[in-house]
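Worth saying up front: this structure is predicted, and the values here are computed from it rather than measured.
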Amino acid sequence: MTAGRPVGRAPARRPAGGTRLRTLLVLSGSLLLLKTTWFSATAVIPQLRQEWGLTTGAAAWLTVSVQWGFVAGAVLSAALVLSDVLPPVRLIFLSSLGTAAANLALLFAGGALAGGAARFATGLCIAGVYPPALKLISTWYRHGRGAAMGAMVGALSLSAGVPHLINGLGGLNWRTVIVATSLLTVAGGVITLAAVREGPHPFPAAVLDSGQVRRILRDRGTRLAMIGYLGHMWELYAMWTWFLLFFSAALRAQGTGSPVLAAYVTFAVFASAALGNHTGGVLGDRFGRERTAIAMMALSGTCSACVGLLAGGPLWLLVAVSLVWGYSAAGDSVQFSALATELADQSYVGTALTLQMAFGFLLTGVTIWLVPLAEQVVGWRWAFAVLAAGPVAGIVAMRRLLRQARPGLDPPEAR
């Protein structure tokens, strides 16, 4: 395990800027399509609750199942170091086919148990898309990696909101949402296979070595980055999962109750998250990943603690704070992914990313269950406040990492 930034293998020549940018745009666009299935069921939970007679707990199960499926897929991938042994383009394509098929299975579920199984399989297959894609774009960028990864993660954030947009445009027909997101996922896989290749800064070749998991976790810098990521994930996915229901309740309290408006505002929150991902990456390259993460988490933690208090106030203020929350809750994400690629053993960067995500998404299952329980006890006024604990823990980890001496550390502007 190296304590400094990666040195990698010296490329024969610096990549042409046009080729590098084109690859980033194509891969970001592909990922926008590939991950639309993640929140496809969450976007139509109000309809499924009515049609299937779901309780609040059963509705949460549909979302948590995706997280657990992703965790299972990520753990399996990390144990077999698939992200470092298999060509990432091929792994992404095959995973996209599995993801689309699992998502379509929801059409035939008819209830929470079978629906949860379909969503578990969806998450399992998505684990073969997300970590390899971040590793793949890292082979094109040594300098400006944070901005590049920010654009990638931003595409993923936007794709997670696409089901809400389709929901609004499609007249709230949940089957339309499921079919459309499955087709988009297949299209993303085909585009990746046809138009994307590994860049001129490949990571060293890896061999199957299950002992790498233990070595990754023993490295203090990588471990602190993972703790920061856990704080980020404690907040983000619970916020994404329950914002639609929270905002719908706020609209009903104000006498509006428009499901289409709720869907559009929820999509806008995801779009603000995509902007936060990219600008967060740019800021991380310029001012340092740890400092940027601290600033973003301080802002998002404040929003999570206060947003419920605004539900009965002016609608424009609630929307404005919600957009700031979406922006800041996602703006720290890329910092942790970039740190994993820089601090981990360079032969096993894909495994480090996958392991970090496995722990993070396992934790999301806790807060996705916790928020509706809190809502039943204290209402939406304070339900989201429990999420503020994540940013606080992340700030502590980033402050410790900031103080850690790392020989050979590049200045922020050179990352």
Which residues share a side-chain hydrogen bond (donor to acceptor under 3.5 Å, both in side chains) with Thr279, sequence neighbours left out:
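For Thr279, the residues satisfying side-chain hydrogen bond (donor to acceptor under 3.5 Å, both in side chains) (neighbours in sequence not counted) are Tyr327.
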
By side-chain hydrogen bond (donor to acceptor under 3.5 Å, both in side chains) - contacts of Arg175 (at least two apart):
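If we apply the side-chain hydrogen bond (donor to acceptor under 3.5 Å, both in side chains) test to Arg175, skipping adjacent residues, the hits are Glu51.
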
With a 4.5 Å limit on heavy-atom distance, are the side chains of [X] and [Y] in contact?
{"X": "Trp325", "Y": "Thr302", "answer": "no"}
{"X": "Thr367", "Y": "Glu235", "answer": "no"}
{"X": "Leu54", "Y": "Leu62", "answer": "yes"}
{"X": "Val26", "Y": "Thr23", "answer": "no"}
{"X": "Val371", "Y": "Phe246", "answer": "no"}
{"X": "Leu355", "Y": "Met226", "answer": "yes"}
{"X": "Phe70", "Y": "Leu124", "answer": "no"}
{"X": "Thr292", "Y": "Asp332", "answer": "no"}

Can you tell me how far [atom2] of [Y] sits from [atom1] of [X], rounded to the nearest 0.5 angstrom?
{"X": "Leu97", "Y": "Thr185", "atom1": "CG", "atom2": "OG1", "value": "10.0 Å"}
{"X": "Ser30", "Y": "Met152", "atom1": "OG", "atom2": "CE", "value": "9.0 Å"}
{"X": "Thr241", "Y": "Leu236", "atom1": "OG1", "atom2": "CG", "value": "9.0 Å"}
{"X": "Gln356", "Y": "Ile227", "atom1": "CD", "atom2": "CD1", "value": "11.0 Å"}
{"X": "Arg289", "Y": "Leu343", "atom1": "CZ", "atom2": "CG", "value": "9.5 Å"}

Minimum heavy-atom distance between [X] and [Y], given as atom pair plus value:
{"X": "Val334", "Y": "Asn277", "answer": "CG1-O, 3.8 Å"}
{"X": "Val386", "Y": "Ala374", "answer": "CG1-CB, 4.4 Å"}
{"X": "Thr364", "Y": "Met233", "answer": "CG2-O, 3.5 Å"}
{"X": "Val307", "Y": "Ser322", "answer": "CG2-OG, 4.0 Å"}
{"X": "Ile126", "Y": "Thr99", "answer": "N-OG1, 3.5 Å"}
{"X": "Arg197", "Y": "Thr19", "answer": "NH2-CG2, 4.1 Å"}

Count the heavy atoms belonging to other residues, nucleotides or ligands that lie under 6.0 Å from [atom1] of [X], then report whether that count exceeds 12.
{"X": "Arg400", "atom1": "CZ", "answer": "no"}
{"X": "Gln50", "atom1": "CD", "answer": "no"}
{"X": "Leu317", "atom1": "CG", "answer": "yes"}

Taking the six-membered ring for Trp, are Phe361 and Trp68 ring centroids under 6.0 Å apart?
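They do not qualify: ring centres at least 6.0 Å apart.
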
Could you please spell out the steps behind the side chain to side chain contact (heavy atoms under 4.5 Å, CB included) verdict for Leu315 and Leu251?
CA-CA 8 Å; Leu315 184 60; Leu251 288 178; 3.8 Å; yes

Sequence neighbours left out, what passes ring-ring contact (aromatic ring centres under 6.0 Å, His included) with Phe270? Give chain and number order.
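For Phe270, the residues satisfying ring-ring contact (aromatic ring centres under 6.0 Å, His included) (neighbours in sequence not counted) are Phe39, His164, Trp240.
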
Check ion pair Glu290-Arg399 (N to O, under 4.0 angstrom)
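Result for this pair is no, no salt bridge flagged.
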
Examine distances only and state if a side-chain atom of Ser333 and a backbone atom of Ala330 form a donor-acceptor pair shorter than 3.5 Å.
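Not a single qualifying donor-acceptor pair exists.
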
Exam field: side chain Thr36 to backbone Leu33, donor-acceptor pair closer than 3.5 Å:
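Checking the backbone N and O of Leu33 against the side chain of Thr36, a donor-acceptor pair under 3.5 Å is found.
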
Verdict with reasoning, Val89 to Glu198, per side chain to side chain contact (heavy atoms under 4.5 Å, CB included):
CA-CA 8 Å; Val89 170; Glu198 194 170 7; over 6 Å; no

Just do the side chain to side chain contact (heavy atoms under 4.5 Å, CB included) check on Phe247 and Val269 with the steps written out, would you?
CA-CA 11 Å; Phe247 193 78; Val269 168; over 6 Å; no

Pair Gln335, Tyr229 - check side chain to side chain contact (heavy atoms under 4.5 Å, CB included), show working.
CA-CA 9 Å; Gln335 317 307 328; Tyr229 182 74; over 6 Å; no

